[in-house]
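By convention in this document, chain letters (A, B, ...) are assigned in the order of the sequence lines, proteins followed by strands, and residues within each chain are numbered from 1. Basis for what follows: all heavy atoms, side chains included, without hydrogens, waters or symmetry-related copies. Given the structure is predicted, the values throughout are model-derived calculations rather than measurements.
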Amino acid sequence: MSQGSPFDLLNDLTWSQQEAVTHFQGPLLILAGAGSGKTRVITRRVAWLLQQGVRPSNILAITFTNKAAGEMKQRVDALVPGNRVWISTFHSLGARLLRQYGERIGLNRNFTIYDQDDRNKVVKQSLEAAGLDNVKFTPERIGAAISKAKNQLLTPERYAATGSDFFTNTAAKVYAIYQKKLRDANGMDFDDLLYIPALALRMDEELRAELDARFKFILIDEYQDTNSAQYEIAKRLSIDHRNLCVVGDPDQSIYKWRGSDIRNILDFERDFPDARVITLDKNYRSTPAILRAASALIDHNRQRKKKTLRTDNPDGQPVRVLTFDTGLDEANVLAERIKEAVSAGKIGYRDVAVFVRMNALTRTLESAFVKHAVPFQIVKGLAFFERKENKDVLAYLRLLVNPADNISFLRAVNEPARGIGKVSLDHLQAYAEINQLSLLEAAGRVDKITALKGKARDGLREFHRLMNELRGLVEQPPEDVIRAVLDRSGYRDMLKSSGDDDDIDRLANVEELITSAKQFAGENGDRTIRDFLEQITLASDVDSWDERQDCVSVMTLHAAKGLEFPVVYIVAMEQGIIPGERSLAKAEDVEEERRVAFVGITRAMKELYLCHARLREFRGQTLYAIPSMFLEELPDDVAEVDLSAHGGRSPALDQWRGGSRAATEAWAELGHKQPLPPPIPRTVTTNPDAEGYERGQIVQHEQYGIGTITDVSGYGSLRKMKIRFAVGGERKFIADKVRLKVVTKK
DNA sequence: CTGCTCGGCCTTTTT
DNA sequence: GGCCGAGCAG
């Protein structure tokens with residue numbers, strides 16, 4: 001497509017799509033069903049606005065991932081070359097605004113972006129500082145509460161007012177300390193990147209007006225997954241220039257747990273009464289069979305505006321539900337099937353995607369694909385940068401850019417070992433606290449800290465000197481800085497001289513970091529270490545997806561949002577996995593799980609396979625798995641294919657339950673190389689003496705199935721216990737009332 | 001005081 | 001399987 005007349009931008013679009021593209025001024029809500037060409041509409045709309053004479057710098061387009069932003073940039077550029085439209089994620093926008101305008105509100109632009117890991121560390125420190133580290137709330141839980149509060153634009157004080165229970169009180173106290181610690185360390189967590197700009201836009205009218213005038217046209221993709229802070233930013237930037245266009249699909253809202261609020265899209269018309277609403281419900285992606293499955297499933301959600309997806313695509317093969325004996329079988333058979341289909345020339349590896357509900361499920365797939373020599377990639381963004389050795393090196397870099405970054409200081413200071421242990425660091429932290437210094441500054445005054453001596457003292461002095469020396473390089477090309485850090489910190493020598501074989505790999509990894517930085521800087525001459533670090537931290541999982549490679553893509557259902565594949569497998573469609581165990585208690589949470597499944601199903605273009613196994617190894621134990629309730633909700637034309645050893649009546653399994661020696665042989669005969677899990681006795685021990693129950697025993701309950709006894713207390717008729725079930729979570733029972741089969745003794 | 005090893009604990013989804 | 005804390009040796 002060339003940059004020619006408006007006609008070129010529109011002639012392959014439907015009437016509703018054209019309407020959406022050519023709506024000029026005023027608020028616009030596009031309700032776009034799955035596969036209805038929404039990316040195409042946004043991209044064309046940006047190009048169309050440019051053709052209408054809107055200046056590129058007046059357009060702001062928000063996407064859900066950096067990858068989507070990059071793709072949109074490319075497509076807009078192909079339509080209108082050389083434009084300078086601002087396309088990014090909300091978080092990148094926030095970071096950029098804070099770097100640009102932060103000084104107006106007293107922020108240093110060299111802030112470090114703290115990821116969730118860092119956040120939890122600061123929360124933990126804050127818990128300790130508040131003397132609350134003995135309470136039973138985990139840093140993760142408190143951190144999640146703080147995150148939620150920020151997403152709702154609640155300051156610590158206002159958050160404290162939302163509840164008077166013990167948890168809220170504790171979290172509110174910690175929140176205040178946490179926020180101070182963050183500011184002192186010149187750190188921003190993910191939520192701050194939205195929270196601070198949103199509050200600034202609320203309070204600083206001058207800034208708000210300036211940015212509103214700058215971003216005259218705003219487009220937001222995946223609007224159903226925005227949170228209050230993001231909504232506030234969008235709204236505040238659309239007061240003088242009310243050209244806010246949002247695109248989304250309530251059925252694909254899958255980030256409620258992260259603070260996204262489905263009401264943002266449902267109430268858009270209330271907030272903008274004059275909004276034009278355009279519905280795109282024609283699907284260009286999938287076969288009718290796949291759409292029937294998707295619709296039947298999502299129809300079970302009660303909190304939902306009814307919507308029908310239509311398509312003119314030819315009917316393909318039926319959607320198939322595949323049943324396996326075990327998760328291991330599932331993985332192996334998948335690998336074989338994919339390999340066969342590719343060998344037969346029907347598809348390429350790149351046409352296939354395998355979706356999982358949880359990252360933990362990729363491991364089995366990984367080994368099966370390796371075993372069968374099926375090329376694959378696991379789409380998990382930061383895996384490389386999350387390796388210990390790379391995190392260590394990145395900590396040095398972060399500390400160079402931001403000397404106040406105490407979290408990075410604590411990580412780097414004794415890596416390689418400089419003889420600085422926990423106790424010495426406690427002394428250092430106490431001194432820093434009293435004198436209002438960063439840890440690095442305190443390390444520079446180590447001679448004044450009498451409690452420190454010997455190796456620790458020398459080590460800290462040396463570390464301080466090293467960081468000073470390296471600081472001079474901070475504006476140098478990123479790869480040079482990393483090289484200098486490796487050389488002068490002793491990190492490379494440590495890896496080189498160790499006898500550990502793994503350290504050879506670690507060395508290769510940190511060297512690879514140099515390559516990665518070089519590549520990053522090569523794309524644009526003036527990129528610094530700071531930009532490199534920001535890019536890494538704000539990367540999303542899909543950003544690492546390389547579609548140029550001819551291989552099977554394995555990813556979570558969440559990462560799959562926005563993508564499409566000719567052939568899709570969803571594995572482990574089992575109760576407790578999807579819907580997840582923790583969602584079962586609340587109907588609205590199960591509805592979100594259903595939307596997660598819906599997102600997965602609607603990624604498929606031609607073939608869709610929904611897989612489940614009868615036994616699944618999970619968290620170190622093998623448990624019976626019940627097929628997902630969502631499978632029951634599919635229409636009748638879905639084909640059920642039982643790929644278990646004997647059509648579901650496996651003698652191996654029966655014998656295994658009996659625990660006979662023959663079971664091992666039968667098992668091996670079926671091609672299972674793994675040893676058998678512990679046998680489950682066939683003899684049923686109903687109602688053994690209530691005193692006989694012990695922690696750690698695996699038991700079976702008539703209604704809830706297999707579970708593990710997690711706690712036993714009391715005696716006789718007062719004896720109580722807790723059992724954690726594979727499905728349905730933990731429940732309490734009175735020992736001599738409950739009917740249980742003991743499956744394995746401890 | 002540091003640093004290693006072992007054992008117990010928990011595990012959704014992610015910017 | 002992976003992380004954290006406890007316990008122990010140097």
Whole-Å gap separating C1' (B/dT12) and CZ (A/Arg363): 14 Å
A/Gln100: side chain to side chain donor-acceptor pair (under 3.5 Å) partners, not counting sequence neighbours: none
Shorter than 3.5 Å, N or O on both sides, protein versus nucleotides 2-6 of chain B: list them out with atom names.
unit_1: B/dT2; atom_1: OP1; unit_2: A/Gly421; atom_2: N; d: 2.8
unit_1: B/dT2; atom_1: OP1; unit_2: A/Ser424; atom_2: OG; d: 2.3
unit_1: B/dT2; atom_1: OP2; unit_2: A/Val423; atom_2: N; d: 3.3
unit_1: B/dT2; atom_1: O5'; unit_2: A/Gly421; atom_2: N; d: 3.4
unit_1: B/dG3; atom_1: OP2; unit_2: A/Asn414; atom_2: ND2; d: 3.0

For A/Tyr159, all residues meeting ring pair (Phe, Tyr, Trp, His ring centres under 6.0 Å), sequence neighbours excluded: none
Sugar-phosphate, base or nothing in reach of A/Glu592, heavy atoms under 4.0 Å: nothing
Side chain to side chain contact (heavy atoms under 4.5 Å, CB included) partners for A/His427, two or more places apart: A/Val423, A/Ala451, A/Leu452
Counterpart residues, side chain to side chain contact (heavy atoms under 4.5 Å, CB included), relative to A/Thr63 (two or more places apart): A/Ala68, A/Ala69, A/Met72, A/Ile87, A/Thr89
Test side chain to side chain contact (heavy atoms under 4.5 Å, CB included) applied to A/Ala559 - qualifying residues, sequence neighbours left out: A/Asp541, A/Val542, A/Met555, A/Thr556
Separation of B/dT15 C1' from A/Ile254 CD1 (nearest whole Å): 13 Å
Sugar-phosphate, base or nothing in reach of A/Asn359, heavy atoms under 4.0 Å: sugar-phosphate
Ring pair (Phe, Tyr, Trp, His ring centres under 6.0 Å) involving A/Tyr175 - partner list, sequence neighbours excluded: none
Side chain A/Asn301, main chain A/Ile298, donor-acceptor under 3.5 Å: no
Strand contacts (DNA chain B) in residues 553-562 of chain A, 4.0 angstrom heavy-atom criterion: A/Thr556, A/His558
Produce the list of close N/O pairs, under 3.5 Å, pairing protein atoms with atoms of nucleotides 4-8 of chain C; give distances to one decimal.
unit_1: C/dG5; atom_1: OP1; unit_2: A/Lys124; atom_2: NZ; d: 2.6

Those residues of residues 384-392 of chain A lying under 4.0 Å from DNA chain B by at least one heavy atom: none
Pairing of A/Arg595 and A/Glu592 as salt bridge, 4.0 angstrom limit: yes
5' priority, DNA chain B, between A/Phe90 and A/Glu593 [closest heavy atom]: A/Glu593
Rounded distance in Å - CG (A/Asp118) to C1' (B/dT14): 15 Å
Euclidean distance, atom CE of residue A/Met573 to atom P of B/dT13 [Å, nearest integer]: 17 Å
A/Asp189 CG - B/dT15 P separation (whole Å): 15 Å
Between B/dT13 (C1') and A/Arg594 (CZ): distance, integer Å: 17 Å
Nucleotide nearest A/His427 when distance is taken to its side chain, options B/dT12, B/dC1, B/dT14: B/dC1
Spacing of A/Asp541 atom CG relative to B/dT13 atom C1', expressed in whole Å: 10 Å
Partner residues of A/Arg119 under the side chain to side chain donor-acceptor pair (under 3.5 Å) criterion, sequence neighbours left out: none
Flag side-chain contact, heavy atom, 4.5 Å: A/Leu361 against A/Ile577: yes
A/Arg258 vs B/dT14: side-chain N/O to OP1/OP2 distance below 4.0 Å: no
Residues A/Lys391, A/Asp117: salt bridge by 4.0 Å N-O rule: yes
A/Lys380 NZ to B/dT12 P, straight-line distance once rounded to whole Å: 12 Å
Results of side chain to side chain contact (heavy atoms under 4.5 Å, CB included) for A/Ala144 - residues two or more places apart only: none
Is_stacked (A/Tyr255, B/dT13) at 5.5 Å, 30 deg: no
A/Arg357 and its side chain to side chain contact (heavy atoms under 4.5 Å, CB included) partner, picked from A/His558, A/Met573, A/Glu574: A/His558
Over 12 non-hydrogen atoms of neighbours within 6.0 angstrom of CZ in A/Arg387: no
